[in-house]
Amino acid sequence: MSPASVFWALLRRDARVARRELPSFLVRTIMQPVLFIIVFGYLLPRMGFVQAGYTSALLPGIIAVSLTLSSVQSVALPMVQDFGFTREIEDRLLAPIPIRLVAIEKVVSGALQGVLAACVVLPIARLIMGPIAGLHLPNAALALGVTLLGSTVFASLGLVIGTAISATQIGLMFSIIVAPMLMFGCAYYPWRGLDAVPAFKYGVLINPLVYVAEAMRGALTPSLPHMPLWVACAAMVAMSALFLAIGLRGFVRRSMS
Amino acid sequence: MSDAIFTENLRKVYAAPSMRRFRGLSSRGSGPPPIVPFAPVRTTDKGVVALDTLDLRVREGEFFGLLGPNGAGKTTTIGILTTRVTPTSGRAMVAGLDVTAAPDRVRQRIGVVPQRPNPDRSLSTLENLVFHAAYFGIPLDRAEQHAVDLLKRLDITDKADARVDALSGGQQQRLMIARALIHEPQVIFLDEPTVGLDPQARHDLWEILRDLHAHGRTIVMTTHYMEEADQLCERIAIVDRGRLLACDTPERLKASAPGGTLVEVTLDGEAEAAVTPALAVAGVTRAEAHGTGLHAYSERGGEAIPALITAAQSVGRVVTNIHLTRPSLESLFISMTGRKLD
């Protein structure tokens, strides 16, 4: 028995559950981005309220939002219930591996679900918005790397949330944390656009979504203005490490007494 | 024969609730974590003392019971032995391994049946077992065969592919036992396994446990049901307020219960004054006051009742209730703590 084989078994369990719940998973994670694409990437340009070029700024941001929602929710929602009432995770806490590995597996599994959501939303977005100026698909491998890194940031954040709040606070969490994070995450507008409002330009830098969206711009639409890719990636690595450290501490505290 | 479990000076003090609140949002209103006793034993400035120097020794192959009221420290003890609660001080060994030094290896050797069934609700009954086996490194094909055998043995084969929500309370508890057995552990822990089960399901469970014991498994069970401990366990540890009061076979424990029938007379006021006249009653060997309760041990069973009523009246008290308990684990427990078990 090696920790690696147990880790693999934990991942297989999550894959089995995810496959079974695929329809609801897809609805949960892609509904919001797709509705946004329809309104801002299709209807408004047709009406002439926004310039046609807006879709180029919107697309990478929408992908970032998709992976954010998916990875945060797939870690935080079940964990809040597990620690709150059902205690279902106990069967995994009995596994003969360090308890932290159980938490890390949850982050890995959440990050993979974020990647999956991004991969589903990209073609849908392209389909609805039509041709997108500046879209540079040869960078697919780079975009995938950014997606994986961004999903890790938010799966780790999901671990922090999942171990820090109680089931009754979950609605509040979405209103207070997730909703502002999405709106001020430079997903629906490029960070450089905030040059017009300097207070916001620097204020939003505490928001992890900013770096994911900007890195996605660097990968998908490199010819358009965006934050230097290495800066965004370094920020994502640092935030992953921070959230993971806090989340692991919370996980151990909730599992042991 | 070697020890399956050995504890020495085991002590657990939980941080005081008010202190916990400042440590983060997590302890607020998130539903009761089942491992913290809900009837705190003793509070000091350092926190809640759940376990106060516990020394236990359980032999391999033994069916061992931890008997005590809610909040006695039973669940904390099980929590420490199953590596989920960190002891404040002292030492605990399970299957020859230290629970604090080698928790992962201890978990490999134990099976745990929780107080409340907590199956993985996203999986079917069979998947619960197969995946749990996989968490213990058992290859898929072998796990599946073993799972099918266990479901048959515990009589839930017809629910193998059902979602666990479709299982009754008794069936879920049996699934928990199957899950605890799937990796062939040396020691099985059951925490109040029959709470909430109907009498039939409870007796079915007893049969399963007897069968496991007959196959040489070490079983450690907590319960606050006297009869259950008496019927099943080879040795019983009576715990209360985090301390071990007695530990022996049910027969010897019962034999050490104070002589005669316990007559509990409830009065309409403090019972203290009634002790002296009660001791004068023929056949009464011992009498104690516990609040409004007068506990008299009578060698002649219920014969002493009329005289005890008179004794109470002689000090101006009126009898509101009378209860008889034959010499049993229950009367032993009451004589040791002055309280009933449940």
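In what follows, chains are A, B, ... by sequence order, proteins preceding strands, each numbered from 1.
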Original post:
Tell me, side chain or backbone of A:Arg16 under 4.5 Å from chain B's heavy atoms, or both, or neither?
Top reply: side chain
**OP:** Only counting residues at least two apart or in another chain, list the ones meeting ring pair (Phe, Tyr, Trp, His ring centres under 6.0 Å) with A:Phe200.
**Re:** A:Phe184
Original post:
chain B heavy atoms under 4.5 Å from A:Ile99: which part of the residue, side chain, backbone, both or neither?
Top reply: both
Original post:
Pick from B:Leu123, B:Thr82, B:Asp120: which one has the most heavy-atom pairs with chain A under 4.5 Å?
Top reply: B:Asp120
Original post:
Checking B:Pro103 against chain A: side chain, backbone, both or neither under 4.5 Å from a heavy atom?
Top reply: neither
Subject >> Residue, of B:Asn128, B:Val112, B:Ile110, B:Thr86, that accumulates the most heavy atom pairs under 4.5 Å with chain A >> reply: B:Thr86
**OP:** Determine the option with the most heavy-atom pairs under 4.5 angstrom with chain B, choosing from A:Gly250, A:Pro98, A:Pro78.
**Re:** A:Pro98
Original post:
Between B:Thr76 and B:Tyr14, does any side-chain donor sit less than 3.5 Å from a side-chain acceptor?
Top reply: yes
Original post:
How are the rings of A:Phe251 and A:Phe83 set to each other: parallel, tilted or perpendicular (split at 30° and 60°)?
Top reply: perpendicular
Original post:
Where on A:Arg13 is there a heavy atom nearer than 4.5 Å to chain B: the side chain, the backbone, both, or neither?
Top reply: both
Original post:
Have B:Asn9 and B:Thr53 got a donor and an acceptor in their side chains that come within less than 3.5 Å?
Top reply: no
Original post:
In this structure, which one of A:Ile30, A:Val121, A:Leu127 forms a side chain to side chain contact (heavy atoms under 4.5 Å, CB included) with A:Ile37?
Top reply: A:Val121
